[in-house]
Amino acid sequence: MVDGADADGWSQVAQGWAELWGSFADPARRAIIEAAAIGPGTRVLDAGCGSGEFLDLLAERGAVAVGADPAPAMVALAREASAGTGADVVLADIENLPFADAAFDVATAVNALQFAEDTTAAVRELARVVRPGGIVAVSNWAEAALNDIDVVEAAIAEARDDEPYPDGPLRPAGGIEAALAAGGVQVVDSRVVDVPWFAPDEVTLVRGILLGEDADVVTSLHAVIVAAAAPFRDGRGGYVLRNSFRWAIARV
Ligand SMILES: C[S@@+](CC[C@H](N)C(=O)[O-])C[C@H]1O[C@@H](n2cnc3c(N)ncnc32)[C@H](O)[C@@H]1O
């Protein structure tokens with residue numbers, strides 16, 4: 001998987017991301033749409049929009065959606081995917097948004113805030129572009145204990161003689177809320193939502209989990225991943241990994 005705030009790395013995996021992971025966060029996106037009361041005419045910025053799937057969901061609700069992402073290939077895919085919806089997509093990172101103060105009613109970051117170099121500065125920037133009384137919404141992976149994928153990641157780490165990947169401050173209960181509060185916005189709701197990930201076969205399973213890794217790494221870890229994911233077989237040759245995202249919304 002791509003590591004950190006590496007726009008080139010994200011560009012290299014953009015196509016694979018869109019294909020294998022693009023819609024996976026939809027339950028979190030839908031929860032944010034409901035919690036933030038997004039509807040016809042709501043002006044929404046999705047920062048770290050990736051391949052643009054949230055922009056489509058927003059457009060379906062009649063919102064005026066804008067995407068921002070620092071990876072050029074992600075921006076290209078998001079523009080392609082949302083071409084029919086009128087959504088604008090710009091090349092920008094979350095800490096430096098090229099928008100006027102109070103330009104949006106809602107700003108979101110789904111599975112993206114963790115890549116900001118300075119989380120507090122990023123939240124402040126999201127809040128800057130939202131009108132007073134508007135909403136900043138953030139969603140991220142929940143802690144490892146709630147995710148089947150982390151069982152597989154732990155097996156990979158063991159096979160590589162690495163320490164398991166640490167959870168990071170946004171993942172545990174209260175992590176997103178603390179980041180929002182540090183950025184000066186007032187948390188009004190937060191929940192956990194199931195975000196299952198489906199792989200139709202073991203090749204897709206391995207490809208999805210090792211997105212961005214070299215072919216030799218994929219080959220060498222194939223058996224490790226298939227063995228670790230055995231409890232998650234769906235009985236039809238595929239795998240369902242039950243994972244969770246946390247989300248929180250805050251008022252500006
Ligand atoms: C895990 S993907 C998630 C994409 C999308 N939000 C989704 O839920 O499918 C992370 C995205 O964050 C973007 N990203 C990386 N660093 C960023 C930053 N500093 N600001 C905004 N986005 C960033 C990447 O280019 C990538 O598109």
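One-based numbering, in listed order, for ligands and for the atoms of each.
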Any idea which heavy atoms bring [X] and [Y] closest together, and the distance?
X    : Y    : result
I32  : A137 : CG2-CB, 3.6 Å
I176 : L170 : CG1-O, 3.5 Å
A71  : W10  : CB-CB, 3.7 Å
F245 : A25  : CE2-CB, 3.9 Å
R171 : W141 : CG-O, 3.1 Å
L45  : A68  : CD1-CB, 4.2 Å

Could a heavy atom of [X] be found less than 4.0 Å from some atom of ligand 1?
X    : value
W21  : no
R29  : yes
A47  : no
E117 : no
A7   : no

Counting only nitrogen or oxygen atoms and a 3.5 angstrom limit, does [X] reach ligand 1?
X    : value
V110 : yes
A25  : no
D69  : yes
D93  : no

query: Below 4.0 angstrom, N of the basic side chain to O of the carboxylate: do E143 and R246 qualify?
result: yes
task: Give a yes or no on whether the backbone of L97 and the side-chain of E125 come within a donor-acceptor separation of less than 3.5 Å.
output: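 Side chain of E125 to backbone of L97: a pair is present.
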message: For the backbone of I135 and the side chain of R251, can you confirm whether one donor and one acceptor N or O come within less than 3.5 Å of each other?
response: no
Would you mind telling me if ligand 1 is within reach of the side chain of [X], the backbone, both or neither, using heavy atoms under 4.0 Å?
X   : value
W10 : side chain
P70 : side chain
E53 : neither

query: For atom 21 (C) of ligand 1, which of L211, N96, I94 has the closest heavy atom?
result: I94
- prompt: A71 heavy atoms, cut-off 4.0 Å: which ligand 1 atoms fall inside?
  reply: 25 (O)
